[in-house]
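Comments concern the structure below.
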Amino acid sequence: MRISILNLTACALLFALCMSASAQQPTKVPRIGYISGTGDASNPGPYVEALRQGLKDLGYVEGTNFVMEFRGAQGNTEAVPRLVAELLQLKVDVLVVPIVSAIRAAMQATKSIPIVIVTQVDPVATGLIDSLAHPGGNITGIATLQRDLSGKRLELVAELVPKLSRVGILREADESVSAIGFKNYETAARGLKINLQSLEVRGPNPDLEGAFRAAAKGGSRAVITITNNSLFLNSKRIINLAIKNRLPSMYEGSSWVEAGGLMSYSADDLAVFRRAATYVDKLLKGAKPADLPVEQPTKFQFVINLKSAKQIGLNIPQSVLFRADKVIR
């Protein structure tokens, strides 16, 4: 009986020690990698902050049950593969990538770490995924339908500028996404009987002044900017040049209008990135990327800045203002 009691006591002691050791094991905090095409550590930009807010809305607390590992290319696309490699070396649990160059770099670098994309291009047509319903591989996320909205943007510009016959398209000359975007505008322009002028710039320090001089010389009466990293970094210069040249300007995201641009038509970018947080949440809880369909937004925003309209002497008809989702006065 004494031996049995001793054995029982030893077992209880051993169990207590095991439980104590288990309790002392640190809980693994998930790491979320994020690559920005434009931001840096001191100014990551509104999109990663929207992702953070989305995670917060789902009950996550940064530093407690997730860590955000941010890397910004600051407009330098050549740095993207290195930044992807850095995040993979940190063994992040999920990668969030909103730029095509980073998506492709991540696809080449890993087949196991889940990738959440937020992309303006058609992810099926560009070969990023197999289909929206069944993306395949280690990729899922959101396609913003940016390119599908080109026709609507041209229609809105034509409504605001009487007898519009020529529109300048400001774009990065050497980028494939920009080339796809220009083709989309060309298709829409033919139906509206509007001629397009390609205003091509290059590199991280684009000759924007030259592009606007070309627009004036070529007879363009409005300008649409195809968003990319280098142009987004120079957004304030572009906005100011459009106002200086008294050219109505259309942009592919509301952040441009918030910064002083005339108007935009797009998905709600911040809402899209908040929505991306739900993908991160599901993946951290064990879901497989291939089982999560790629979503597309169903609501779009038409935003007008009346201050900018006044600066270039443009009268916005009430019929157009009534259709705007947001008017900045």
Side-chain angles (χ1 to χ4, degrees), residues 46 144-171 181-182 184-199 201 208-227 231-232 234-271 297 299-329:
T144 65
L145 297 176
Q146 189 74 278
R147 302 276 55 90
D148 292 358
L149 304 178
S150 302
K152 183 63 176 179
R153 294 189 191 102
L154 270 174
E155 288 176 12
L156 290 168
V157 172
E159 279 193 64
L160 293 182
V161 183
K163 299 179 181 179
L164 181 67
S165 61
R166 193 170 180 82
V167 174
I169 306 294
L170 182 63
R171 67 189 191 92
F182 187 72
N184 289 136
Y185 281 113
E186 280 186 316
T187 301
R190 282 193 290 271
L192 295 169
K193 294 181 172 52
I194 294 173
N195 295 314
L196 298 186
Q197 180 183 5
S198 181
L199 305 172
V201 294
L208 297 171
E209 289 77 7
F212 276 88
R213 283 195 299 271
K217 186 177 179 179
S220 289
R221 297 184 58 209
V223 172
I224 298 175
T225 300
I226 296 178
T227 301
L231 294 184
F232 191 76
N234 288 279
S235 57
K236 196 60 183 175
R237 284 178 61 201
I238 293 169
I239 290 165
N240 289 340
L241 282 165
I243 291 172
K244 179 181 177 181
N245 288 274
R246 299 176 71 82
L247 282 171
S249 56
M250 168 66 81
Y251 302 98
E252 297 182 340
S254 60
S255 61
W256 292 78
V257 187
E258 299 282 355
L262 178 63
M263 57 184 169
S264 66
Y265 186 74
S266 67
D268 183 339
D269 293 335
L270 299 184
K299 184 179 179 181
F300 305 96
Q301 284 189 324
F302 177 35
V303 184
I304 297 176
N305 190 320
L306 282 183
K307 293 180 183 177
S308 300
K310 184 177 181 181
Q311 285 180 290
I312 64 173
L314 180 68
N315 179 51
I316 308 289
Q318 283 296 322
S319 60
V320 175
L321 288 176
F322 286 144
R323 296 195 339 253
D325 299 283
K326 183 177 182 181
V327 178
I328 299 172
R329 301 180 184 275

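With Arg323 contributing its side chain and Phe302 its backbone, the two residues share no donor-acceptor pair below 3.5 Å. Glu252 places a side-chain N or O within donor-acceptor distance of the main-chain N or O of Thr227, the cut-off being under 3.5 Å. At least one donor-acceptor pair closer than 3.5 Å links the side chain of Asn305 to the backbone N or O of Ser308. Distance alone, capped at 3.5 Å, places no donor-acceptor pair between the Arg171 side chain and the Ser198 backbone. A donor-acceptor distance shorter than 3.5 angstrom exists from the side chain of Lys236 to the backbone of Ala259, with no hydrogens or angles considered. A donor-acceptor pair is defined here as one N or O able to donate and one able to accept, closer than 3.5 Å; such a pair exists between the side chain of Gln197 and the backbone of Ala214. In this structure a side-chain-to-backbone donor-acceptor pair under 3.5 Å is missing from Asn195 to Arg166.
Between Ala188 and Gly151, the shortest heavy-atom distance links the atoms CB-CA, 3.4 Å. Summarising the geometry of Tyr265 relative to Gln146, their closest heavy-atom pair is O-OE1, 4.4 Å, with the distance given to 0.1 Å. Between Ala189 and Leu154, the shortest heavy-atom distance links the atoms N-CD1, 3.7 Å. The two residues Ser254 and Ser266 make their nearest non-hydrogen contact at N-OG, 4.0 Å. Heavy atoms only, all atoms of each residue included: Ile304 and Ala324 are closest at CD1-CB, 4.0 Å. Nearest heavy atom pair, residue Met250 against residue Leu156, reads CE-CB, 3.9 Å.
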**OP:** Start with the C-alpha gap between Asp269 and Thr144, add the side-chain angles, then the distance that decides, and say whether side-chain contact (heavy atoms from CB on, under 4.5 Å) holds.
**Re:** CA-CA 8 Å; Asp269 293 335; Thr144 65; 5.5 Å; no
**OP:** Begin from the C-alpha positions of Leu160 and Met263 and carry the test side-chain contact (heavy atoms from CB on, under 4.5 Å) through to its verdict.
**Re:** CA-CA 11 Å; Leu160 293 182; Met263 57 184 169; 3.2 Å; yes
Original post:
Under the side-chain contact (heavy atoms from CB on, under 4.5 Å) criterion, do Leu164 and Leu192 qualify, and how do the steps go?
Top reply: CA-CA 10 Å; Leu164 181 67; Leu192 295 169; over 6 Å; no
Subject >> Derivation of the side-chain contact (heavy atoms from CB on, under 4.5 Å) call for Leu199 and Phe212 >> reply: CA-CA 8 Å; Leu199 305 172; Phe212 276 88; over 6 Å; no
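Asn234 contributes atom CG, which lies 11.0 Å from atom CZ of Phe232 (distance to the nearest 0.5 angstrom). Taking OG1 of Thr187 as the start and CG of Leu196 as the end, the distance is 9.5 Å to the nearest 0.5 Å. Summarising the geometry, atom CG belonging to Leu149 is positioned 11.0 Å from atom CD belonging to Glu155; distances are rounded to the nearest 0.5 Å. Within the model, atoms CG of Leu306 and CZ of Arg329 stand 5.5 Å from one another, a figure rounded to the nearest 0.5 Å. Between the CD1 atom in Ile224 and the CD1 atom in Ile169 there is a gap of 4.0 Å [rounded to 0.5 Å]. Taking CG from Leu170 and OG from Ser249, the interatomic distance works out to 10.5 Å, rounded to the nearest 0.5 Å.
By the 4.5 Å heavy-atom criterion applied to side chains, Tyr185 and Ile226 are counted as neighbours. Between Ile243 and Leu262, every side-chain heavy-atom pair lies at or beyond the 4.5 Å cut-off.
With hydrogens and angles left out, the side-chain atoms of Ser165 and Arg221 include no donor and acceptor closer than 3.5 Å.
Between Tyr251 and Trp256, the angle of the ring planes stays under 30°, which puts this pair in the parallel group of the 30/60° scheme.
Residues Glu209 and Lys244 are not paired through a salt bridge, judged by the lack of any N-O separation under 4.0 Å between the basic side chain and the carboxylate.
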